[in-house]
Amino acid sequence: GAVVSQHPSWVICKSGTSVKIECRSLDFQATTMFWYRQFPKQSLMLMATSNEGSKATYEQGVEKDKFLINHASLTLSTLTVTSAHPEDSSFYICSASRDTTDTQYFGPGTRLTVL
Amino acid sequence: GENVEQHPSTLSVQEGDSAVIKCTYSDSASNYFPWYKQELGKGPQLIIDIRSNVGEKKDQRIAVTLNKTAKHFSLHITETQPEDSAVYFCAASNGAGSYQLTFGKGTKLSVIP
């Protein structure tokens with residue numbers, strides 16, 4: 001159990017376009033989902049925390065108008081990178097936690113390349 | 001806020017030998033310590049975790065120890081195999097609010113056949 005999926009697994013887009021990444025908990029309900037960004041050979045950097053039905057909480061330095069997060073149900077959260085630029089190219093990973101526990105289960109990640 | 005230090009950054013061992021990765025944390029309120037394995041191009045996979053009311057936990061070839069007084073915890077992998085080669089991340093959480101994790105910088109483990 002505790003499987004998290006992400007879609008797409010990779011995406012290439014042109015500068016100025018928007019990209020949506022989906023994160024789904026497949027076999028459990030996730031009250032809380034997290035979005036991370038990871039640069040090559042570096043650790044995971046938390047971007048935002050989202051709770052189902054409420055606004056996401058963004059980490060300092062993360063532009064909430066650029067990285068739109070929606071957590072509309074207990075099994076789905078989406079991250080939309082708006083007006084993407086080459087510097088937004090990165091590996092984006094989501095994780096999900098069940099209610100009453102702090103164990104985070106991670107998705108497989110989405111590789112975003114902005115040309 | 002919490003700060004997690006992890007070392008070594010790289011570790012090479014011969015197949016069959018043991019590997020030990022160590023982490024220290026700064027927030028004495030932290031009470032949950034997971035370890036993740038990340039293979040190239042994939043998301044982190046939870047391999048073992050420990051909570052502050054336990055000093056040691058073992059799962060087959062993998063064990064984690066926790067010293068709350070010294071604020072450090074370690075991952076032990078015995079009888080290493082080539083498929084253990086990956087980047088390992090430790091993390092800490094104080095279980096408050098939304099259970100955010102603070103990650104170490106990772107250890108790249110290479111198991112030499």
Side-chain angles (χ1 to χ4, degrees), chain A residues 1-7 9-10 21 23-25 30-52 54-60 69 71 77 90-113, chain B residues 1-11 21 23 25 27 29-54 57 59 64 85-110:
Chain A
V3 179
V4 177
S5 70
Q6 276 183 248
H7 179 79
S9 55
W10 59 269
I21 302 170
C23 176
R24 293 181 184 271
S25 55
T31 302
T32 306
M33 287 186 169
F34 303 83
W35 286 95
Y36 294 84
R37 184 174 181 177
Q38 187 178 35
F39 291 105
K41 298 185 180 182
Q42 293 191 21
S43 189
L44 290 82
M45 182 187 78
L46 179 65
M47 299 176 65
T49 302
S50 73
N51 292 292
E52 185 264 339
S54 61
K55 289 184 178 181
T57 301
Y58 291 81
E59 294 301 297
Q60 192 172 9
I69 291 171
H71 191 165
S77 177
S90 190
F91 193 51
Y92 292 87
I93 315 172
C94 72
S95 70
S97 290
R98 293 186 180 100
D99 195 11
T100 75
T101 176
D102 49 10
T103 300
Q104 288 188 30
Y105 299 96
F106 283 82
T110 297
R111 173 75 57 194
L112 169 63
T113 301
Chain B
E2 174 70 280
N3 182 48
V4 177
E5 299 285 340
Q6 180 174 350
H7 59 94
S9 56
T10 60
L11 178 61
I21 303 170
C23 289
Y25 60 97
D27 186 353
S30 289
N31 56 13
Y32 174 64
F33 308 92
W35 285 89
Y36 290 90
K37 174 184 180 182
Q38 186 177 28
E39 297 177 346
L40 191 62
K42 298 184 178 180
Q45 176 192 5
L46 179 70
I47 56 172
I48 196 167
D49 56 8
I50 192 168
R51 298 183 188 271
S52 59
N53 58 345
V54 176
K57 184 176 179 180
D59 182 4
V64 57
S85 296
V87 178
Y88 291 80
F89 291 98
C90 64
S93 168
N94 62 15
S98 53
Y99 307 113
Q100 291 182 357
L101 292 174
T102 300
F103 284 87
K105 292 189 175 182
T107 297
K108 183 177 181 181
L109 173 64
S110 299

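To find a chain, count down the sequence lines: A is the first, B the second, and so on, and within it residues start at 1.
- Each of A/C94, A/P108, A/A2, A/S95 has some count of heavy-atom pairs under 4.5 Å with chain B, and the biggest count is that of A/P108.
- For B/K108, there are no side-chain hydrogen bond (donor to acceptor under 3.5 Å, both in side chains) partners at least two apart in sequence or on another chain.
- Without hydrogens or angle criteria, A/S43 side chain to B/G106 main chain gives no donor-acceptor distance under 3.5 Å.
- Contacts of A/Q38 with chain B are made by side-chain atoms alone, with heavy-atom separations under 4.5 Å and no backbone atom involved.
- Proximity to chain A (any heavy atom under 4.5 Å) is restricted, for B/L46, to the side chain, taken from C-beta onward.
- In terms of heavy-atom proximity, B/Q38 sits nearest to A/F91 at NE2-CE2, 4.0 Å.
- Annotation: A/H7, atom NE2; neighbour count of heavy atoms from other residues, nucleotides and ligands within 6.0 Å does not exceed 12.
- Both the backbone and the side chain of B/P44 have a heavy atom closer than 4.5 Å to some heavy atom of chain A.
- Annotation for B/F89 and A/Q42: closest pair CZ-O, 3.9 Å, computed over non-hydrogen atoms.
- The distance from the CG atom of A/L46 to the CD atom of B/Q100 is 5.0 Å, given to the nearest 0.5 Å.
- The CG atom of B/L101 sits 4.5 Å away from atom OH of A/Y36, with the distance rounded to the nearest 0.5 Å.
- For the pair B/Y32 and A/T103, the minimum side-chain heavy-atom distance is below 4.5 Å.
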